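Here the structure is laid out as structure tokens; the discussion comes afterwards.
By convention here, the first residue in the shown sequence is residue 1. Bear in mind that the values here come from a model prediction, so they are computed numbers and not experimental data.
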Amino acid sequence: MSSRVTEVEQHGIAPIPPEEQTSRPRDLFRMAFGGANTFATIILGTLPIAYGLSFRDAALATALGVVVGGLVLAPMALFGPRTRTNNAVSSGAHFGVVGRCVGSFLSLLTAITFFAISVWVSGDAVAGAAQRLFGFDGGAVLRGVAYGVIALATLVVCIYGYRFMLLVNRIAVVLGTLIMLLGIVAYGGTFDPGYAGTGTYALGTFWPTFTLAALTALANPISFGAFLGDWARYIPSSFSKRSLLTAPFLAQVATLLPFGFGIATATLVANPADYITGLTAISPLWYAIPLIVVALIGGLSTGTTSLYGTGLDFSSIFPRLSRVQATLLIGTLSVAFIFVGNFVLDMVSSINAFATLIVLCTSPWMVIMMIGFVQRRGFYDVADLQVFNEGRRGGRYWFTRGVNWRAMAAWIPATTLGLLCANTPMIAGPLRDVAGGVDISLLVTLVTAAVAYPVLVKLFPEPPEVFASAPAAVPIALPAEA
């Protein structure tokens, strides 16, 4: 493997050859945990405190969100080893080979959000720590340079591909964990677990704000739903379902470390809404260098796990773009969002809005795929999943002009109803008060998808050829121009 780390990955979304499926579930753990053991997750951990919660309530809300999110996420690791491609392409078995573009949209939404978060907070941490070390206030110029350097380094890692990313995440898991644990020494003397909160809740009262905090934490594991297949496709299908389910779930449970770091240190800063500045101001001088290290490594880790998958997927939607070209395009757009979001818009509010969209759009998509996996008993025709990517028509998953309207007719109402019930500072639907102000949007979107899709499939059965028992002789080779 070491000789391949510095080689640019040639694989796109075409099936990984079985002989190159050399990863193991523990590598999936490293990718999922390494991608979240960073300042991006720390920032999400600070938000419940910024919402006005006490330390205890912030920790409870975060733990609830992480565990529930991890349980929802885990089954998304089952697709890659069987289809040998990413989850967006795999979703073509359930949404249709054209309808799988829904997954590509979700991948783009998630990638831009978390790439932006990783570069933004890492750049601010580097700039703040440098000021703490050298007493030099570089202002917007220093921050802009830091953003640019981290974004460029992230793009380079993504271009090299999966093997290089795995190396970065192996380092991030160990180094990030050690530095955050070192934070116990740095801040332990001033931390008060009895911190009572500000008394002013972001949504006016306790339960709506507590639910908002839980949903904020839940966005982190849900955000990996579109990306697990990027890495799981390198794992042979011979591994047990239990090991494949356990790896991403434990990775999310492990993120309670960076979440906890964020919650605890947010109680110490003067203004949790300006966390990075406050953290560098209260940090001991000796801890400034470790903060820079975890910011740089963490920025690379989160940024690459987000950006890599979207570049991979968009190279299939736009065949004229190679994986490298698509990665550069999405990366450039994301960098523009970072600068506009940080210097023009309210970045924290923007993150909250995008996190809400990720949860409410991605979770019903995941539920439909999971139900489909059970209904198909894990059967997937690897070749027919690639029909759209190869410019062809037909095959097992063509449905109606490439779209399975049953899945769409479940996903669209589920997402819509969720948004109508949302109750967040930036996304507040007209039905937000239906439960006394408590945000039930996630429950609504999950239940709607879980009920609507099986009912539609029962009333309007899917074509028999999508099941393993159907004959394999399916018309799959019609030219796209026919």
| field | Heavy-atom side-chain proximity of Pro208 to Thr205 below 4.5 angstrom | value | yes
| message | Measuring from atom CG of Leu268 to atom OH of Tyr275, what distance do you get when rounded to the nearest 0.5 angstrom? | response | 8.5 Å
| query | Are any side-chain N or O atoms of Gln252 and backbone N or O atoms of Val66, one a donor and one an acceptor, separated by less than 3.5 Å? | reply | no
| query | In terms of side-chain geometry, is the basic nitrogen of Asp27 or Arg24 positioned less than 4.0 Å from the acidic oxygen of its partner? | reply | no
| message | Any non-hydrogen side-chain atom of Ile49 less than 4.5 Å from a side-chain atom of Ile263? | response | yes
| Thr41 side chain vs Ala36 backbone, donor-acceptor pair below 3.5 Å | yes
| request: Give a yes or no answer on whether the side chain of Thr445 reaches the backbone of Leu442 with a donor-acceptor pair at less than 3.5 Å. | output: no
| Do side-chain atoms of Thr209 reach the backbone of Leu203 as a donor and acceptor pair under 3.5 angstrom? | yes
| said: So which atom in Ala61 and which in Ala213 form the shortest heavy-atom distance, rounded to 0.1 Å? | reply: CB-CB, 3.8 Å
| If every non-hydrogen atom of Thr448 is compared with every non-hydrogen atom of Val444, which pair is closest and at what distance? | OG1-O, 2.7 Å
| Leu291 vs Phe39 side-chain heavy atoms within contact, under 4.5 Å | yes
| query | Is a side-chain donor-acceptor pair under 3.5 Å present for Ser90 with Asn87? | reply | no
| For Thr200, side chain to side chain donor-acceptor pair (under 3.5 Å) partners two or more places apart | none
| field | Sidechain-backbone polar pair: Asp439 side chain, Asn423 backbone, donor-acceptor under 3.5 Å | value | yes
| Of the non-hydrogen atoms in Leu244 and Ala77, which two are nearest, and what is the gap between them? | O-CB, 3.3 Å
| said: side chain to side chain contact (heavy atoms under 4.5 Å, CB included), that's the test. Do Leu250 and Phe29 meet it? Break it down for me. | reply: CA-CA 7 Å; Leu250 290 182; Phe29 172 88; 4.1 Å; yes
| task | Considering non-hydrogen atoms only, spot the tightest contact between Ser441 and Leu215 and give its length. | result | OG-CD1, 4.2 Å
| Working for side chain to side chain contact (heavy atoms under 4.5 Å, CB included), residues Leu53 and Phe206 | CA-CA 8 Å; Leu53 294 179; Phe206 173 76; 3.9 Å; yes
| request: For Leu64 and Val68, run side chain to side chain contact (heavy atoms under 4.5 Å, CB included): C-alpha distance rounded to whole Å, both residues' side-chain angles, the deciding distance at 0.1 Å, then the answer. | output: CA-CA 6 Å; Leu64 176 63; Val68 172; 4.0 Å; yes
| Got a sec: does the CD1 of Ile289 have more than 12 other heavy atoms crowding it under 6.0 Å? | no
| request: Only counting residues at least two apart or in another chain, list the ones meeting side chain to side chain donor-acceptor pair (under 3.5 Å) with Thr38. | output: Thr302
| request: Supply the atom-to-atom distance Leu446 CG to Ser363 OG, rounded to the nearest 0.5 angstrom. | output: 4.5 Å
| request: Grab the two heavy atoms, one from Gln21 and one from Ile16, that are nearest each other, plus how far apart they are. | output: CG-CG2, 4.0 Å
| query | How are the rings of Phe210 and Trp207 set to each other: parallel, tilted or perpendicular (split at 30° and 60°)? | reply | perpendicular
| said: Would the distance check show the side chain of Thr46 and the main-chain N or O of Ile43 forming a donor-acceptor pair, the cut-off being under 3.5 Å? | reply: yes
| query | At what distance, to the nearest 0.5 angstrom, does CZ of Phe259 lie from CE of Met180? | reply | 11.0 Å
| task | Please determine, by modelled atom types, if Thr267 and Asp192 share a side-chain donor-acceptor pair under 3.5 angstrom. | result | no
| task | Determine, step by step, whether Thr280 and Ser283 satisfy the side-chain hydrogen bond (donor to acceptor under 3.5 Å, both in side chains) criterion, reporting the C-alpha distance in whole Å, the side-chain angles of both residues, the deciding distance to 0.1 Å, and the verdict. | result | CA-CA 5 Å; Thr280 54; Ser283 295; over 6 Å; no
| message | Just verifying a value: how many Å separate Thr356 OG1 and Ile427 CD1, rounded to the nearest 0.5 Å? | response | 5.0 Å
| query | Where the side chain of Arg82 meets the backbone of Phe79, is there a donor-acceptor pair that is under 3.5 Å apart? | reply | no
| request: Without swapping roles, check the side chain of Trp365 against the backbone of Leu106 for a donor-acceptor pair under 3.5 Å. | output: no
| How many angstroms lie between atom CG of Leu420 and atom OG1 of Thr416, to the nearest 0.5 angstrom? | 6.5 Å
| message | Test side-chain hydrogen bond (donor to acceptor under 3.5 Å, both in side chains) on Asn37 and Thr177; report intermediate values, then the result. | response | CA-CA 7 Å; Asn37 193 33; Thr177 298; 3.2 Å; yes
| Side-chain H-bond candidate by donor/acceptor type, Ser104 with Ser107, under 3.5 Å | no
| message | Quick one: does any side-chain atom of Asp433 pair with a main-chain N or O of Gly436 as donor and acceptor, under 3.5 Å? | response | no
| request: Check whether any side-chain heavy atom of His94 sits under 4.5 Å from a side-chain heavy atom of Ile371, and report yes or no. | output: no
| task | Determine whether Val72 and Leu218 make a side-chain contact, defined as any pair of heavy atoms from C-beta on separated by less than 4.5 Å. | result | no
| field | Minimum side-chain heavy-atom gap Ile179-Phe261 below 4.5 Å | value | no
| Side-chain donor or acceptor of Thr190 paired with backbone N/O of Tyr187 under 3.5 Å | yes
| field | Tyr453 and Val367: CA distance, side-chain angles, deciding distance, side chain to side chain contact (heavy atoms under 4.5 Å, CB included) verdict | value | CA-CA 9 Å; Tyr453 182 54; Val367 166; over 6 Å; no
| field | Atom pair CE/CZ of Met31 and Phe224 - distance to nearest 0.5 Å | value | 9.5 Å
| task | Return the minimal non-hydrogen interatomic distance between Ser223 and Ile358, and the atom names on each side. | result | CA-CG2, 4.1 Å
| query | Do the non-hydrogen side-chain atoms of Tyr51 and Tyr201 ever get within less than 4.5 Å of each other? | reply | no
| task | Would you check if Leu28 and Pro248 make a side-chain contact, meaning some heavy-atom pair closer than 4.5 Å? | result | yes
